[in-house]
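A short worksheet on the structure shown next.
Residue numbering restarts at 1 for every chain, and letters A, B, ... go by the order of the sequence lines.
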2 protein chains.
Amino acid sequence: MSYTKTEENYLKAIYSLQVKIGKEVSTNELASSLETKASSVTDMVKKLDKKELITYEKYKGVSLTNLGKEIAINIIRNHRIWEVFLVEKLGYKWDEVHEIAEQLEHIKSEELVDRLDDFLDHPSFDPHGDPIPDREGNIPVRKEAIALNELKKGETGIVVGVKNTDIDFLQFLEEMNLTLGKSIQVEKIFDFDKSKVVKTGQQTVTISKEVGSFLIVEKIIQTK
Amino acid sequence: MSYTKTEENYLKAIYSLQVKIGKEVSTNELASSLETKASSVTDMVKKLDKKELITYEKYKGVSLTNLGKEIAINIIRNHRIWEVFLVEKLGYKWDEVHEIAEQLEHIKSEELVDRLDDFLDHPSFDPHGDPIPDREGNIPVRKEAIALNELKKGETGIVVGVKNTDIDFLQFLEEMNLTLGKSIQVEKIFDFDKSKVVKTGQQTVTISKEVGSFLIVEKIIQTK
DNA sequence: AAATATTTTTAGACTTATCTAAAAATTGAA
DNA sequence: TTCAATTTTTAGATAAGTCTAAAAATATTT
Ligand SMILES: [Mn+2]
Ligand SMILES: [Mn+2]
Ligand SMILES: [Mn+2]
Ligand SMILES: [Mn+2]
């Protein structure tokens with residue numbers, strides 16, 4: 001069985017929203033996530049329901065079937081492996097690869113992504129720190145990955161991911177030098193608005209609570 | 001400006017047919033090349049004409065404008081560079097890559113193929129021996145490339161390309177061990193049907209006139 | 001030069017994915 | 001609990017690309 005690019009994008013969007021909100025995904029949520037209209041969503045979810053990729057009940061939203069989930073995870077796997085390729089082999093920066101990966105993830109070939117995965121030495125995380133599912137759909141979990149906001153004053157974390165992939169945000173991080181793998185120490189937290197002064201390498205910058213909620217870090221236990 | 005996959009495939013097909021037959025491409029030729037119906041072709045060529053990618057006159061066939069030719073050559077460049085990548089980096093065999101390249105050639109990114117080209121050290125020919133146009137559309141020419149049929153008895157050539165990329169034919173060549181880079185010596189030519197006995201490495205095989213017309217070789221001058 | 005065969009175009013229909021506008025159902029406030 | 005706001009669905013259109021069947025034009029034979 002093979003699916004259209006649109007069907008795959010719907011499944012991927014439903015998967016992400018389902019993980020994020022933990023219950024049935026509404027028509028409007030899907031519409032806004034896919035930048036389309038609610039009426040278009042209704043049409044498409046009927047079709048996906050008929051194909052048994054999702055469960056849809058009128059006015060009650062949708063959720064993925066096992067098959068739908070499998071396909072969604074596979075597309076995400078494709079996307080993230082391509083992103084690794086683009087950054088590791090072609091020298092793209094991590095804030096430049098998403099749009100191209102959106103196209104590459106839909107290339108139809110059982111074998112291609114597996115070969116690419118071999119070629120890249122089976123990466124577990126993509127350039128944004130997101131986990132890469134394996135062929136069977138298992139998703140690696142990172143120990144101790146938390147939002148930067150959960151770090152207390154004096155604590156240190158390594159940037160291992162972001163929760164927001166807007167190009168503007170990624171470029172902001174680049175500017176601030178808060179990129180993947182960077183070590184960040186919390187110097188001060190303002191009670192006022194929970195903004196923070198953090199140190200990364202020689203730089204010291206102030207970041208908002210919002211930015212701190214989007215940055216995923218691995219907390220470093222200081223073994224003195 | 002960006003074009004649909006279908007438009008790009010039409011331009012590519014028109015380009016190849018135009019090169020092959022040297023005059024306007026007829027509706028039926030295009031239909032059979034694209035495995036579609038003449039009526040569909042008529043609709044599409046009207047559209048491409050309106051976009052000034054081709055010149056179309058009712059009942060008189062089509063030919064590419066400069067813009068159309070430029071786009072066609074660019075798609076061919078994409079296709080062949082991806083084929084090199086698939087063979088050189090991912091370990092595919094040369095008879096396995098065409099279908100995947102048919103998909104990859106349509107990925108929209110100014111930069112991607114240029115980066116891939118760098119990564120592959122600017123190859124001039126693809127795994128089938130076909131020339132790879134550069135960014136400006138210039139197509140490299142190979143000196144002394146001739147059909148195997150043009151070799152006389154006793155002469156030797158190196159396989160540098162094929163004129164038929166049907167998967168059946170490529171697999172036949174694989175079977176016969178007449179693959180790219182192989183040296184072929186003509187042992188005998190039958191007057192009867194111009195079939196040949198040829199030697200490649202330790203193997204000796206008989207090939208038809210047709211096969212000989214599809215194999216491109218570089219003639220080796222025996223400097224005794 | 002007609003008649004016939006072939007090629008090409010037109011007409012009308014279908015599919016996928018989308019939209020706007022209006023109707024129906026659900027939610028939430030008074 | 002009733003009415004208003006919001007969400008969702010339906011109805012009807014549109015655009016891209018395709019198809020079949022029939023009409024029109026061109027090419028080939030007699
Ligand atoms: Mn991405
Ligand atoms: Mn990513
Ligand atoms: Mn090819
Ligand atoms: Mn090729």
### Task
Check whether any side-chain N or O of A:Ser26 sits under 4.0 Å from OP1 or OP2 of D:dT8, and answer yes or no.
yes

### Query
Below 4.0 angstrom, N of the basic side chain to O of the carboxylate: do A:Lys219 and A:Glu150 qualify?
no

### Message
On the nucleotide C:dA25, are OP1 or OP2 found under 4.0 Å from the side-chain N or O atoms that A:Lys60 carries?
### Response
no

### NZ/NE/NH1/NH2 to OD/OE distance under 4.0 Å, A:Asp114 and A:Arg135
yes

#### Entry: Rounded distance (Å) that lies between atom P of D:dT6 and atom CG of A:Asn28
12 Å

### Interatomic distance where NZ belongs to A:Lys51 and C1' belongs to C:dT16 [whole Å]
10 Å

### Query
Between C:dT18 atom C1' and A:Glu35 atom CD, what is the distance in whole Å?
14 Å

### Query
Within less than 4.0 Å of OP1 or OP2 of D:dA23, is there a side-chain N or O belonging to B:Tyr59?
no

### Interatomic distance, A:Asp43 CG vs D:dT9 P [rounded to whole Å]
10 Å

### Query
For the side chain of A:Lys58, counting heavy atoms from C-beta on, which of D:dC19, C:dT8, D:dT9 is nearest?
D:dT9

### Message
Let's see if you can work this out: which of D:dC19, C:dT10, D:dT9 has an atom nearest to the side-chain heavy atoms of B:Lys46?
### Response
C:dT10

### Task
Take atom NZ of B:Lys37 and atom C1' of C:dT6, then tell me their distance rounded to the nearest Å.
16 Å

### Message
Rounded to whole Å, how long is the line connecting atom CD of A:Glu24 with atom C1' of C:dT26?
### Response
15 Å

### Query
Quick one: is D:dT9 close enough that its OP1 or OP2 comes under 4.0 Å of any side-chain N or O from A:Tyr56?
yes

### Query
Are any of the side-chain nitrogens in A:Lys108 or B:Glu102 under 4.0 Å away from the carboxylate oxygens of its partner?
no

### Task
For residues B:Ile14 and B:Val62, report the shortest heavy-atom separation together with the two atoms involved.
CD1-CG2, 3.9 Å

### Task
Using atom NZ of B:Lys50 as one end and atom C1' of D:dA15 as the other, report the distance to the nearest whole Å.
13 Å

## Note on the structure
Side-chain contact check for A:Ser40: nearest option of D:dT18, C:dC19, D:dT10 is C:dC19

### Query
Base, sugar-phosphate, or nothing for B:Thr27, non-hydrogen atoms under 4.0 angstrom?
sugar-phosphate

### Query
Cationic tip of A:Lys69 within the cone over A:Tyr15's six-membered ring, i.e. under 6.0 Å and within 45° of the normal?
no

### Query
Looking at the side chain of A:Ser39, which of D:dT18, C:dT10, D:dA11 is the nearest nucleotide?
D:dA11

### Task
Please state how far atom CG in A:Leu30 lies from atom C1' in D:dT7, giving the value in whole angstrom units.
14 Å

### Query
Just to confirm, is there a sub-4.0 Å distance from OP1 or OP2 of D:dA16 to any side-chain nitrogen or oxygen of B:Thr4?
no

